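Here's the structure, in structure tokens; my notes come after.
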2 protein chains.
Amino acid sequence: MKAETKDFYIEQDKMYVATDCIIFGFDAGKLKLLIFKRRVEPQKGAWSLIGSFVKLEENVSEAAQRVLTEITGLKNVFMEELKSYGVADRDPGYRCISIAQYALIRVEDYDRELVEKHGAHWYDMKEVPNLVLDHNQMVADALERLKRKARYQPIGFELLPEKFTIPQLQQLYEAIYQKELDARNFRKKVLSHNVLIKLEEKDKSSSRRGAFLYKFDHDTYQQLLQSGYNFEIS
Amino acid sequence: MKAETKDFYIEQDKMYVATDCIIFGFDAGKLKLLIFKRRVEPQKGAWSLIGSFVKLEENVSEAAQRVLTEITGLKNVFMEELKSYGVADRDPGYRCISIAQYALIRVEDYDRELVEKHGAHWYDMKEVPNLVLDHNQMVADALERLKRKARYQPIGFELLPEKFTIPQLQQLYEAIYQKELDARNFRKKVLSHNVLIKLEEKDKSSSRRGAFLYKFDHDTYQQLLQSGYNFEIS
DNA sequence: ACAAAAGTGTTTTTTGTACACCCATGG
DNA sequence: CCATGGGTGTACAAAAAACACTTTTGT
């Protein structure tokens, strides 16, 4: 949108629109959150979600992708709108509404150097410190959403490497649901959907015997979706 | 927020924030949508959702309630955020993001005179005309949300009168799911939740025999929620 | 007496849950 | 040879789905 674009709504109020990212990761059997030290006043230096103001000429979703790439070096990350936070006095800096988005990233992929350069850190979800503004609320809301959503859509796979084992997948779901699951029933349920491709390789990093690696079958999943199928885990 | 409030973010872009309401009703066995003729340029006079710009000193949700009350005379209506629409060029008037909210109202309650005065009309969901901007997309998204949500939360009752019959409730769910349901199984399922209070009165408007009226039991529902219970219909 | 919608139970099928042992391997 | 996590099957319980007839009453 160029500066000379006609403004039809001149008598109305304008405000800032920001986007904040709740970045989830999964490492060592635990759900993690990526946060960093706020770089602008007010509350400069306090722990905060990663965010940015939305520019006049960019989509809100683009702004979120931009900031995520800036901090992690990753592109094409799973990201979805959580909700807006629009209370009038939520930001003491000036009237600003924020569109929160949650992202699921594969912790093995991100650019560690870049992340460190931005003063960002991974926190265990159970040990998240106080964050600025309403960011703790955003995190709580995002976790709720993740719990609900992971059940009916195969988004959990976004947190795992391309190739993963069934026990790893189970660990992930146990971390999300905060509940232990029966290994036999879990395996049965997951495999019954026919959206996992079993590979020849094994991952031996967590047992002598090794566990077979699987890949998520996006194509088959898309086809099944067309025919009115419903994914569900647990 | 007063005019002299300090602005910490002065070098950033400001834009308009609007809210648009997808107003659902249920009448004569059909899902309905309330829309009206747009009052401002551009596209003045075209069919549009009801919306408003958010003012500097009001919450986004307050803005939505304000506009809903203006048009229907109703207060304390069920309303929930759908999602934001933040594509940069979505509004040819000027950069404006919209936070869409969907509302469920009891069609018997609204102020007909007020609605008519604003040039608003109820359309059958299956016959919604072309709307301005991305409003048709909002409607489609809201309908999807309603379908998913009605299954796991008792929000359908917001569309019915305080007192309703089981066949009416079934009609409503059939309209939402766009699918016929078995009357015996439906009744069994609904009553099994123990959140309906059976009244002595009958509604004879749709049969000679008449059907017993019920009320939704909000208190019991809240109690059940506490104890980890999950509502589900169909 | 009949048309039209309300109300009621049982059987079958599907899905979820609980549960215990053998397997493969590296050290 | 043994410790460790990987992998498998069955029986029982619960929930969902299919299905048909009787009741009520205004006209």
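Model, not experiment: these values are computed from the prediction. To find a chain, count down the sequence lines: A is the first, B the second, and so on, and within it residues start at 1.
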Note to self: Can you see whether A:Y177 has A:R151 sitting over its ring - NZ or CZ less than 6.0 Å from the centre and within 45° of the normal?
What the structure shows: yes

Check: Hey, does the Lys NZ or Arg CZ of B:R38 hover above the aromatic six-ring of B:F36, less than 6.0 Å from the centre and inside 45° of the axis?
Finding: no

Checklist line | Candidate nucleotides C:dG9, C:dA6, D:dT8, ranked by approach to the side chain of B:K188 - the nearest | finding: C:dG9

Item checked: Residue mapping more 5' on DNA chain D - nearest nucleotide basis, B:E232 or A:R187 -> A:R187

Next item on the list: Decide if the gap between the ring center of B:Y221 and the ring center of B:F216 is smaller than 6.0 angstrom.
Entry: yes

Check: Roughly, in whole Å, what's the span from NZ in A:K179 to C1' in C:dG16?
Finding: 11 Å

Check: Whole-Å distance between C:dG16 C1' and A:R151 CZ?
Finding: 12 Å

Margin query: Please determine whether any donor N or O and acceptor N or O are separated by less than 3.5 Å between the side chain of A:K189 and the base of C:dT17.
Written below: no

Next item on the list: Could you state the atom-to-atom distance from CG of A:L169 to C1' of D:dG7 in whole Å?
Entry: 15 Å

Note to self: Please report the distance, rounded to the nearest Å, between CG in B:D182 and P in C:dG7.
What the structure shows: 15 Å

Check: Out of C:dA6, D:dT25, D:dG5, which nucleotide sits closest to the side chain of B:P167?
Finding: C:dA6

Note to self: Taking the nucleotide of DNA chain C with the nearest heavy atom to each, does A:K204 or B:S207 sit closer to the 5' end?
What the structure shows: B:S207

Notebook entry, point to check: So which nucleotide from C:dA6, C:dT8, D:dG26 ends up closest to the side chain of B:R184?
Noted result: C:dT8

Margin query: Is it the case that the base of C:dA6 and the side chain of B:R209 share a donor-acceptor contact (distance under 3.5 Å, atom types as modelled)?
Written below: yes

Next item on the list: Starting from P on D:dA16, measure out to CD1 on B:I233 and report it in whole angstrom.
Entry: 12 Å

Notebook entry, point to check: Any luck finding a side-chain donor-acceptor pair between A:Q223 and A:D219 under 3.5 Å?
Noted result: no

Margin query: Whole angstroms only, please: what is the CG-P distance between A:L191 and D:dG9?
Written below: 12 Å

Check: Hey, what do you get for CG (B:L143) to CE (B:M125), rounding to the nearest 0.5 Å?
Finding: 4.0 Å

Check: What integer distance in Å separates B:D203:CG from C:dG7:C1'?
Finding: 15 Å

Margin query: For C:dG27 and A:R208 - does any side-chain N or O of the residue sit under 4.0 Å from the phosphate oxygens OP1/OP2?
Written below: no

Check: What is the distance, rounded to the nearest whole Å, between atom CD of B:Q170 and atom P of C:dG7?
Finding: 11 Å

